[in-house]
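Heads up, the thing below is written out as structure tokens.
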2 protein chains.
Amino acid sequence: MAQQEMPAVTFIKPRSTGTTRDRLLTAAEVAILDKGFAATSIEELIAEVGITKGGFFYHFPDKNALVIAILERHLAAEEAWLDGLFAQAASEAGSDDPLQIFLCFLALLQAQMEALPDVHPGCLIAACCFQERLFRPEVHRLAAANLLNWRARFTGVLTGIAAVHPPRRPVEIEALADMLVVLVDGAIILSKTVRQKEALPRQIGIYATLLRSLFET
Amino acid sequence: MAQQEMPAVTFIKPRSTGTTRDRLLTAAEVAILDKGFAATSIEELIAEVGITKGGFFYHFPDKNALVIAILERHLAAEEAWLDGLFAQAASEAGSDDPLQIFLCFLALLQAQMEALPDVHPGCLIAACCFQERLFRPEVHRLAAANLLNWRARFTGVLTGIAAVHPPRRPVEIEALADMLVVLVDGAIILSKTVRQKEALPRQIGIYATLLRSLFET
DNA sequence: GATCTACTGGACTCGTGGTACAGTGACCGT
DNA sequence: ACGGTCACTGTACCACGAGTCCAGTAGATC
């Protein structure tokens, strides 16, 4: 059955950088953020990476598994990035005051978002959120774990701040922690939709202002 | 070609309420919010409404046109709903102070979100945002117009407030207006993802607190 | 030399979007 | 009573993408 022509033209193109699996993940992540999960076809991914369909299904049992792998890789990277930003803020704040350190963190975050060349590419978690039934529960669990992680992180920081600087008005610390996450996700939607990349850094800035208004003496 | 059996069994089932087109829109809106656009098949919609594929394409040239129609209907309804809430707030505030009226509006909004039986079904605009390439530019334009409308509305209100109550700290009024929209969209993502319906009303509440912190004397 | 890994290549099924078009029952104006 | 329009039905058909199956194979490892 198999025709005997061109049997040995394998591995001509350079494997470029990273493993095939990793390059698939990267190509898929970019494509999903750009145009959504459903609009991203496996055929387009394998064309970009330079493998065949069989090769794709060798790595991932289905499209869902691909999303799960992307999310796992993304969450780890984000964790490291957040740790780095916090460490940098702690060293640059020039103070031990948790409020000053957090404000410094927010300024760093804002600066990074401002430095993006284009509107923020989007939030994987949000993208998953609106595709629910396309995914297995595992995807949902990963997304939830990520948001709860942010919540826990910022709740800890804000609790520390409130202990030193009693808030001017009673606030639920956890809701205030959620607010930053919510603001980032919401601002990504806004900036993508109205095509204004300033929207995201502006929201971070205003969050800092409101924190000052609430905690600073 | 056409077989002559069962020719006249048409219109047996009651047309239920509303036009077929409207019932299609409603079914599609619910399904899209529930599981996303891509996961919503035309076949499933026509089965629910009780028409055939030909009937669907009689009303809409394609799936995109369906989304556009849903968005248009939704935007009009939302406009009316916002007008109603503002009017109710103005009459219930017991004051001419724009800040008090806006705080009353926020309280009403919060109460409505609290009263939802389940997590908020989701934001059509956000759902569209993460499906970009599946849609024609028209869809994107409608979504952007909607967000800009909210922005204009709240910017007007907040400008009026700032004129009477000079803010404690300098803030960009427009960013503060965006913040409410951003908070609502972001909180919908949060509440859907971690399955906590309180997240949305809590964010509205905290927005009100922060406004007080900023504007109240 | 045997085995394992990471694929290739091709054939096939199924679901869904979308096209095309002839027919038809109910209603509406004349 | 007649013609036309509206709102569909019913059927047939194409394209495309997900996913399955599997035999073969180049290169590295033991």
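Residue numbers start from 1 in every chain, and the chains themselves are labelled A, B, ... in the order their sequence lines are given, proteins ahead of strands. If you're wondering where the values come from, they're calculated on a predicted model, not measured in any experiment.
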Position toward the 5' end of DNA chain D (nearest nucleotide), A/E43 or A/F57: A/E43

Trace of the side-chain contact (heavy atoms from CB on, under 4.5 Å) decision for B/E92 with B/L108: CA-CA 10 Å; B/E92 284 184 14; B/L108 287 170; 3.8 Å; yes

Parallel, tilted or perpendicular: rings of A/F102 and A/F86 (30°, 60°): parallel

Which nucleotide in C/dG18, D/dG10, D/dG17 has an atom nearest any side-chain atom of A/S41: D/dG17

Between D/dA7 (C1') and B/H59 (NE2): distance, integer Å: 6 Å

Nucleotide of C/dG18, C/dC7, D/dC6 approaching B/D62 most closely (side-chain heavy atoms): C/dG18

Gap between atoms CD1 and C1', on B/I51 and D/dC6 respectively (whole Å): 14 Å

Flag, side chain of A/K63 to backbone of A/S41, donor-acceptor distance under 3.5 Å: no

Ring geometry between B/F130 and A/F130 (parallel below 30°, tilted from 30 to 60°, perpendicular above 60°): parallel

Sugar-phosphate only, base, or nothing, as touched by A/K63 at under 4.0 Å among non-hydrogen atoms: sugar-phosphate

Among D/dT9, D/dA18, C/dG18, the nucleotide that comes nearest once only the side chain of A/K53 is considered: D/dA18

d(CZ, A/F56; C1', D/dA18) in whole Å: 10 Å

A/Y58 side chain, from C-beta outward: closest of D/dG19, D/dT9, C/dA6: C/dA6

Closest to the A/I42 side chain, choosing from D/dC8, D/dG19, D/dG17: D/dG19

